[in-house]
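Quick note: numbers below take in every heavy atom, side chains included, and nothing from hydrogens, waters or symmetry partners.
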Amino acid sequence: MFKKILIAEDHESSSISLQKTLEDLNITNTDYVYYCDDAFAKVQKSIRENDLYDLLITDLSFEEDHHEQKIKDGKELIKAVRELQPSLKAIVFSAEHKSGVIDSLFKEYEINGFVRKERNDSKDLKKAIASVYENKNYLSLDMKQEVKKLNSYEFTDYDIILVSLLSQGVLQKNIPVYLQNNNIKPNSLSSVEKKLNNLKEELQISSNEQLIAFCKDLGLI
């Protein structure tokens, strides 16, 4: 099992819960910090002293207070510490529920596990730690199904541009003007209408409003 773990979590109640979970796994060599900058400093120190961490468990969002921080959130923290120690494994422990955001954590930040903060999350976290220790990525079954649903339709940059414009209040009939001004093709009204209709048909959505809401829930816009 992991010998040395770093926890970055700004809520004391969650830190206490994490501590109890790790104690149940007989993991006692742990450091807890409330700020991302402090976590980064801990990793720097561990490298200098040749006493590396095996695992980072971090939240995604950190509330701002009077302590000004260079590293603002969990994503930035993971990126920063991986530049120092590429082999450091990372589990995100967060209330985030948007499947698009979670999917990007694995694809763009190459996290090793994601555990959502909810009822019975301690049990889920134990599974995640055990899986990651065995070099297996971890995502709970229900979240896997949500991510699979997301990936059943591959959104293109063009798709996201169209839905983003709709979400900003741009009328469908006026979207071609934006596309033409930004040299984005295809940019005819018929092309825009066809693409949006295809999107709604593929996703079994009946209106542009539902399409916007769907993409927001996924974290695409």
Side-chain heavy atoms of L162 within contact of L179, under 4.5 Å:
yes
To the nearest 0.5 Å, atom CG of L56 lies from atom CG of D54 at 11.5 Å
If we only count heavy atoms from C-beta on, is the V163 to L220 side-chain gap below 4.5 Å? no
- Query: So with a 6.0 Å cut-off around NZ of K42, is the heavy-atom count from everything else above 12?
  - Reply: no
S191 side chain to N187 backbone, donor-acceptor under 3.5 Å:
no
Expected output: side-chain N182 to main-chain Y178 donor-acceptor under 3.5 Å
yes
Residue set satisfying side-chain hydrogen bond (donor to acceptor under 3.5 Å, both in side chains) with N112, at least two apart, ordered chain then number -> R82
Exercise. Does a side-chain heavy-atom distance below 4.5 Å link I102 with L139?
Worked result: yes
Contacts satisfying salt bridge (charged side-chain N to carboxylate O under 4.0 Å, His left out) that involve residues 159-173 (not counting sequence neighbours) are D159-K195
E110 side chain to F106 backbone, donor-acceptor under 3.5 Å = no
Rounded to the nearest 0.5 Å, the CG atom of L166 sits from the CG atom of L171 at a distance of 9.0 Å
Quiz prompt | salt bridge (charged side-chain N to carboxylate O under 4.0 Å, His left out) assessment of E83 paired with K79 | solution = CA-CA 6 Å; E83 289 176 356; K79 183 178 179 181; 5.2 Å; no
Check your understanding: Is there a side-chain contact between D121 and R116 (heavy atoms, below 4.5 Å)?
Key -> no
Rounding to 0.5 Å, atoms CD (Q168) and CG (L165) come to a distance of 5.5 Å
Looking at side-chain heavy atoms only, is the closest gap between D37 and E68 below 4.5 Å?
no
E118 meets the salt bridge (charged side-chain N to carboxylate O under 4.0 Å, His left out) criterion, sequence neighbours left out, with none
A side-chain contact here means heavy atoms from C-beta on lying under 4.5 Å apart; do V132 and N137 qualify?
no
Are any side-chain N or O atoms of D103 and backbone N or O atoms of S99, one a donor and one an acceptor, separated by less than 3.5 Å?
no
Intermediate values then yes/no, side-chain contact (heavy atoms from CB on, under 4.5 Å), M1 and N26:
CA-CA 9 Å; M1 184 48 72; N26 295 317; over 6 Å; no
### Task
For the pair S104 (side chain) and V101 (backbone), establish whether a donor and an acceptor sit closer than 3.5 Å, ignoring hydrogens and angles.
yes
Side-chain contact test, heavy atoms from C-beta onward, threshold under 4.5 Å: evaluate it for I5 versus N29 and give yes or no. no
- Query: More than 12 non-hydrogen atoms from neighbouring residues, nucleotides or ligands closer than 6.0 Å to CG on D157, yes or no?
  - Reply: no
Q.
Between Y53 (side chain only) and K4 (backbone N and O only), is there a donor and an acceptor less than 3.5 Å apart?
A. no
Within the 4.5 Å heavy-atom criterion, are K75 and Y109 side-chain neighbours or not? yes
Does K117 form a salt bridge (charged side-chain N to carboxylate O under 4.0 Å, His left out) with D59? I'd like the steps, not just the answer. CA-CA 9 Å; K117 291 181 180 178; D59 198 349; 2.9 Å; yes
Would you find a donor on one side and an acceptor on the other, under 3.5 Å apart, between the side chain of E9 and the backbone of Y34? no
Neighbour count >12 (heavy atoms, 6.0 Å) for atom OH, Y158:
yes
| request: Report yes or no: does D73 contribute a side-chain atom to a donor-acceptor pair with the main-chain N or O of E76 at less than 3.5 Å? | output: yes
| query | Do other residues, nucleotides or ligands put more than 12 heavy atoms under 6.0 Å from the NZ atom of K123? | reply | no
message = Between Q210 and S206 (side chain of the first, backbone of the second, donor and acceptor by atom type, cut-off under 3.5 Å), is there such a pair?
response = yes
Original post:
Would you find a donor on one side and an acceptor on the other, under 3.5 Å apart, between the side chain of D10 and the backbone of E63?
Top reply: yes
